[in-house]
Amino acid sequence: MRDSGEFDVSGALLDWYDRHAREMPWRVAPADRAAGVMPDPYRIWLSEVMLQQTTVAAVRDYFVRFTNRWPTVKALAAAPDDQVMGEWAGLGYYARARNLLKCARVVAEQHGGTFPDTYDALLNLPGIGPYTAAAISAIAFDRPETVLDGNVERVMARLYDIHDPLPGSKPQLKEHAAALTPFTRPGDYAQAVMDLGATICTPKSPACGICPVQAPCAARAAGTQSDLPRKTPKKPKPTRYGHVYIAQGDNGAFLMERRPDKGLLGGMLGWPGSEWSDGPSDAPPFPCEWRELPGEVRHTFTHFHLILRIWTATLPVGWSHDDLIVMEKHAFRPSDLPTVMRKAYDLWRST
DNA sequence: GAGACGTGGGC
DNA sequence: TGCCCAAGTCT
């Protein structure tokens, strides 16, 4: 707590958090926390998993729907897989949802429905890595663990004017973050640093003029804050092409597939289709009279761009196929689809 | 250690 | 428009 000279960085951040903490459905406000209210570990866990690589704005409604539908970890553990995957649809990184269910079932069956409260025990659970284990331990149980997420990395790189690029500089940034972690109110402090990174110490155009720790900030003094943290350059995304087939029977039923658990969009509902290849592919549809729709679906994943052509047909009565699902009209909800599949549906519906 | 893994918002 | 980025984890 000393390596910023005389300035009490963690104290300043806690003071700022007391005045500016943002309201969130999973958060216990600092005043309530001071009155002894503890957060529900289930809600903290769920929010932290949803927040992995995802913004608060995107998570908020999903969190409310999940907790209304499954108020406890035992309730979630008892939920059917497809209902959980459907509720997660649109949030992305679907391995999180599969691991969420695995984790809920481990907690329900092996821990009696009570989350462990230590970093090491949490780290052993599916979908919980170093960040999330520290966050749950700090926020839900007020243990002095150090959270190191993208926000904290940025704040530390700037406070100490670290020019070494990520991810190599991570250990160095972690040391600084650990040195600042207080033994009083570590849970509020963890949220304070992340709030600061999300609202003031932002990646572009940081609001240094209203920052509670501008005085001890080395990057602010050097004028380098907008260049930090440095990162190793990323590779360009290739473009891939594919076809999807949307067939509907006279009764309104759709022919769909449940994607395998491993890999892209694993475990999610989708339209049957070709492989997604490097060149414009010409994969033949399964036997049927297919009509190609005008237009195309463009979608960008983490590591490639995708251009999809959409084909449609009327499903013959009595059609069935191994590996494919006949989704009755009343059971079909577009909101159960991952976004790229929903885009294909939207194009189909608009024609 | 580096690549796979989604999506939407901001500039 | 296209690129960057977000409270990372798993393999």
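Just so it is clear, the structure is predicted and the values come from calculations on it, not from any experiment. Below, chains carry the letters A, B, ... as their sequence lines are ordered, and counting in each starts from 1.
Rounded to whole Å, the distance from CZ on Arg240(A) to C1' on dA4(B) is 10 Å. Between the CG atom of Leu166(A) and the C1' atom of dG8(C) there is a distance of 13 Å, rounded to whole Å. Distance CH2 (Trp276(A)) to P (dA4(B)): 15 Å, rounded to an integer number of Å. A straight line from CE of Met194(A) to C1' of dG8(C) spans 12 Å, rounded to a whole angstrom. In this structure, Met341(A) places its CE atom 11 Å from P of dG6(B), rounding to the nearest Å. Rounded to whole angstrom, the span from the OH atom of Tyr94(A) across to the P atom of dG8(C) amounts to 17 Å. Atom pair Ile307(A):CD1 and dT1(C):P shows a separation of 14 Å (rounding to whole Å applied). Per the geometry, CG belonging to Leu100(A) stands 20 Å off P belonging to dC5(B), to the nearest Å.
At least one cation-pi condition fails for Arg60(A) and Phe63(A): the charged atom is not both under 6.0 angstrom from the six-membered ring centre and inside a 45 degree cone around its axis.
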Polar atoms only, N or O, under 3.5 Å: list the protein pairs with nucleotides 9-11 of chain C and their distances.
unit_1	atom_1	unit_2	atom_2	d
dT9(C)	OP1	Gly129(A)	N	2.7
dT9(C)	OP1	Gly129(A)	O	3.2
dT9(C)	OP1	Thr132(A)	N	3.0
dT9(C)	OP1	Thr132(A)	OG1	2.7
dT9(C)	OP2	Pro130(A)	N	3.4
dT9(C)	OP2	Tyr131(A)	N	3.2
dC10(C)	OP1	Gly127(A)	N	2.6

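With respect to the salt-bridge test (charged N to carboxylate O, under 4.0 angstrom), the residues Glu296(A) and Arg298(A) qualify. A salt bridge is defined here as a Lys NZ or Arg NE, NH1 or NH2 lying under 4.0 Å from an Asp or Glu carboxylate O, and Asp81(A) with Arg105(A) meets this definition.
Residue Leu264(A) places its side chain closer to dC5(B) than to any other of dC5(C), dC5(B), dT7(B). Ranking dT7(B), dC5(B), dA6(C) by closeness to the Lys231(A) side chain, first place goes to dA6(C).
Comparing Gly150(A) and Lys204(A) along DNA chain C, the residue whose closest nucleotide (by nearest heavy atom) sits nearer the 5' end is Lys204(A). The 5' end of DNA chain B is approached more closely, in terms of each residue's nearest nucleotide, by Lys235(A) than by the other of Lys235(A) and Gly92(A).
Nucleic acid contact class of Met268(A) (heavy atoms, under 4.0 Å, all strands): none. Within 4.0 Å of Gly197(A), counting heavy atoms only, lies no atom of the nucleic acid at all. Within the 4.0 angstrom heavy-atom criterion, no nucleotide atom of any strand lies near Pro167(A). Nucleic acid contact class of Arg298(A) (heavy atoms, under 4.0 Å, all strands): none. Across all strands shown, Gly266(A) has no heavy atoms under 4.0 Å from either base or sugar-phosphate atoms. At a threshold of 4.0 angstrom between heavy atoms, the contacts of Val340(A) are confined to the sugar-phosphate backbone, with no base atom among them. Contacts of Arg98(A) with the nucleic acid, taken as non-hydrogen atoms under 4.0 Å apart, are absent.
On a pure distance criterion of 3.5 Å, a polar donor-acceptor pair joins the side chain of Thr54(A) and the base of dG6(B). Looking at Thr55(A), its side chain has no donor and acceptor atom pair within 3.5 Å of the base of dG9(B).
For residues 334-351 of chain A, the pairs satisfying side chain to side chain donor-acceptor pair (under 3.5 Å) are His299(A)-Lys343(A), Thr312(A)-Trp348(A), Arg333(A)-Asp336(A), Arg342(A)-Asp346(A), Asp346(A)-Arg349(A), with sequence neighbours left out. Screening residues 27-44 of chain A for side chain to side chain donor-acceptor pair (under 3.5 Å) gives Tyr17(A)-Arg27(A), Arg27(A)-Gln191(A), Arg27(A)-Asp195(A), Arg33(A)-Asp142(A) as the qualifying pairs, with residues at least two apart or on separate chains.
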| Should Phe304(A) and Phe301(A) be marked as a ring pair (Phe, Tyr, Trp, His ring centres under 6.0 Å) after you check the CA-CA gap, both sets of side-chain angles, and the distance that decides it? | CA-CA 5 Å; Phe304(A) 65 93; Phe301(A) 293 101; 5.0 Å; yes

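Neither side chain, Arg96(A) nor Gln53(A), offers a donor N or O lying under 3.5 Å from an acceptor on the other.
Using a 4.0 Å cut-off, no side-chain N or O of Tyr93(A) falls inside it from OP1 or OP2 of dA4(B). An OP1 or OP2 oxygen of dC5(C) is reached within less than 4.0 angstrom by a side-chain nitrogen or oxygen of Lys234(A). Using a 4.0 Å cut-off, no side-chain N or O of His303(A) falls inside it from OP1 or OP2 of dG3(B). For Thr339(A), a side-chain nitrogen or oxygen approaches OP1 or OP2 of dT7(B) to under 4.0 Å. For Arg342(A), no side-chain nitrogen or oxygen approaches OP1 or OP2 of dT7(B) to under 4.0 Å. Here Gln53(A) does not reach the OP1 or OP2 of dA6(C): none of its side-chain N or O atoms lies under 4.0 Å away. Of the side-chain N and O atoms in His299(A), none sit less than 4.0 angstrom from OP1 or OP2 of dG6(B).
The aromatic rings of Phe66(A) and Trp88(A) lie perpendicular to each other, with more than 60° between the two planes, well past the 30° mark.
Rounded to whole Å, the separation between the P atoms of dG3(B) and dC4(C) comes to 16 Å. Nucleotides dG1(B) and dA6(C) have their C1' atoms positioned 23 Å apart, rounded to a whole Å.
A continuous path of ILVMFWY side-chain contacts below 4.5 Å connects Leu337(A) to Leu293(A), so both sit in one hydrophobic cluster.
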